[in-house]
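Heads up: the structure comes next, in structure tokens.
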Amino acid sequence: MPDQALQQWVDEVAALTTPDNVHWCDGTDEEIGRLYDMMVEDGVLVRLDSEKHPGSYYARSDINDVARVEDRTFICAATEDEAGPTNNWVAPAEMHAMIDPLFNGCMAGRTMYVIPYLMGPPGSPMAKVGVEITDSPFVVANMRIMTRMGQVAVDELGEDGDFVKGLHSTGNLDPEQRYISHFPDENLIMSFSSNYGGNALLGKKCFALRLASVMARREGWLAEHMLILGLTDPEGNRTFVAAAFPSACGKTNLAMLVPPDSFIEAGWKVETIGDDIAWLKFGDDGRLYAVNPEAGFFGVAPLTSEETNPNALASCRANTLFTNVALLPDNTVWWEGLCDPPAEATDWKGNPWTPESEDPAAHPNSRFTAPASQCPCISPDWESPEGVPISAIIFGGRRSSTTPLVYQARSWQHGTYVGATMTSEKTAAAVGGLGELRHDPMSMLPFCGYHMADYWQHWLDVGERGGDNMPEVFHVNWFRRDESGSWLWPGFGENIRVLKWIVDRVGGGGDAVESPIGWLPTPEAVGFDELGIGDAAGEALLEVDSEEWLAEANGRGEYLAGFGEKLPAAIREENDALITRLQSSD
Ligand code: SAT
Ligand code: MN
């Protein structure tokens, strides 16, 4: 007997959208096998080579449906003030009046799929149930990888449980009719006219971040755009960290880091708990514990290779959906940076491609959807119902200048300020403005479901509650360049040197020097010598240029002032204090 509220909602949606059939997804292998067969038959998917990519499929999206659309994403809170200045707001009734008619009869001739799914490990007090209704079998296939779908969610729901409603329709993929609308007061998401990841897999950004952030504020926890990883040192001590970087800035790579040989030989180990989203709650011991609400990776394909991220490659060898990469004649896939270019391919638009072609074969935001359980370095605790205790939180962005390789915040309050004033260069994960520098607080700019300044206050409140048990806060930047535009830091596996310093600092060690922006490592503490990084490059990597930083802090001051009365005084004071420290540092 399904939950009554669920049955009633499904009936209402069916009456509105008039599908030919209603299919309740059970998440079994048989079910998904039938759906894949059907999509291959309909030409929606290509079955990949059964030896090289068993159980895997290839899809091309509509050419206008390749990324999140932030200008068509709405937070329909009761008042504009609740949604805040960083969200697009439309009053709930007005939004319903605008988009409900789009759903009228939109599933005629199609099957309506009802997908019960669980976000979070089964049996975890942190897990939450969602139900997505969609007319896209492609979305069903992705949701089956990204979430725990079917019976496990129905069991969790019971007969009268709470669930988040997500209504999705492919519509006709007209970008003008595309709406990704969130109704926090109705626990409802409505998404029309896009089949792309963050717009259509409603458990991910829409539920696990935008709606969950609203719930988290109400219930005293944090829903964050963060990877979670564990680091084991040669003595066998395990430390868990969570890190927030904007989309397509290397969260998946850091989460699955392969240490350089010297570190492996010494006994260092990295384990992955999640690569995109963390839900953090206080445990009985007063510490913050994190779970990964997802069950899969929706990773950026280009530049993923045996060198840059062998664990991601191994994760997506089998049982994977590839979208908008290039297809090879032998039914395997290729993307820029994977290995040497093939002599010929079919590009993401379906056109013949050769290495002489002008455009890339794979879209820069092409993706793989792969089960997390297939990751060779997945943590034995990745589904732990209690989560893992977090000792450090790391913020990071893409900055070619100004921001040093790593620094440690002075306190939780200062760390909240560091997160609030993060900036990063824009990537292909969202439509528009590639490379432009933008403020992306806590990497939540596109994902915070309420007023950004209230969110910062919530961070301060959580810190108040956690007191001395709160994680230490750090900021990293792998992307600093020299004057000729070359990267100053090798990145990838060598990032473990920065992680090691962070873990040392958390444990009360790690050589550090105080600077106006926080604590910096000494060059030795992050292994510049071993990496052959000379004095000039080393200085540039750890440089805090007072003039540049004063300009930065003044810019931040203006940005923060834009939040008006809601800006927490503590955040403004941190910026003022930074300016004072910079002025007295010369
Ligand atoms: O498209 S998603 O939002 O799922 C991925 C991302 O942009 O982080
Ligand atoms: Mn993301």
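In what follows, every heavy atom counts, from backbone to side chain, and hydrogens, waters and symmetry copies are set aside. Model, not experiment: these values are computed from the prediction. Whatever order the structure lists ligands and atoms in, that order sets their numbers, starting from 1. Nothing fancy with the numbering, it's 1 onward along the sequence.
- Ranking the protein heavy atoms by distance from atom 8 (O) of ligand 1 puts K205 NZ, 2.5 Å first.
- Considering backbone and side-chain N/O atoms, G198 comes within less than 3.5 Å of an N/O atom of ligand 1.
- Within the coordination shell of the Mn ion (ligand 2), defined by N, O or S atoms under 2.8 Å, G198 is absent.
- Heavy-atom contacts of R367 reach the following atoms of ligand 1: 5 (C), 6 (C), 7 (O) (cutoff under 4.0 Å).
- Ring orientation note: the planes of W459 and W412 are close to parallel, at an angle under 30° on the 30°/60° scale.
- Rounding to the nearest 0.5 Å gives a distance of 10.5 Å between CD1 of I180 and CZ of R68.
- No N or O atom of K204 sits closer than 3.5 Å to an N or O atom of ligand 1.
- Relative to atom 7 (O) of ligand 1, the option among S247, S443, C249 with the closest non-hydrogen atom is S247.
- If you look at H96 and F183, their ring centroids are closer than 6.0 Å.
- In this pair, Y57 and Y36 present their aromatic rings parallel. The plane angle is below 30°, not in the 30 to 60° band.
- Closest to atom 1 (O) of ligand 1, if we only count protein heavy atoms, is Y196 OH, 2.7 Å.
- Neither the backbone nor the side chain of M146 comes within contact range of ligand 1; no heavy atom lies under 4.0 Å.
- Taking the Mn ion (ligand 2) as reference, the nearest N/O/S atom within D276 carries the name OD1.
- Between the Mn ion (ligand 2) and the N, O or S atoms of H225, the shortest distance is to NE2.
- For ligand 1 and F298, the ligand atoms under 4.0 Å from any heavy atom of the residue are 1 (O), 4 (O).
- Ion pairing between a basic and an acidic side chain is recognised when a charged N comes within 4.0 Å of a carboxylate O; E70 and K426 show no such pairing.
- Applying the 4.0 Å criterion to heavy atoms of A429 picks out, from ligand 1, the atoms 7 (O).
- Counting heavy-atom neighbours within 6.0 Å of D174 CG, excluding the residue itself, gives a total above 12.
- A donor-acceptor contact shorter than 3.5 Å links the side chain of N311 to the backbone of M256.
- Checked for salt-bridge contact, R481 and E425 miss the test: no charged N lies under 4.0 Å from a carboxylate O.
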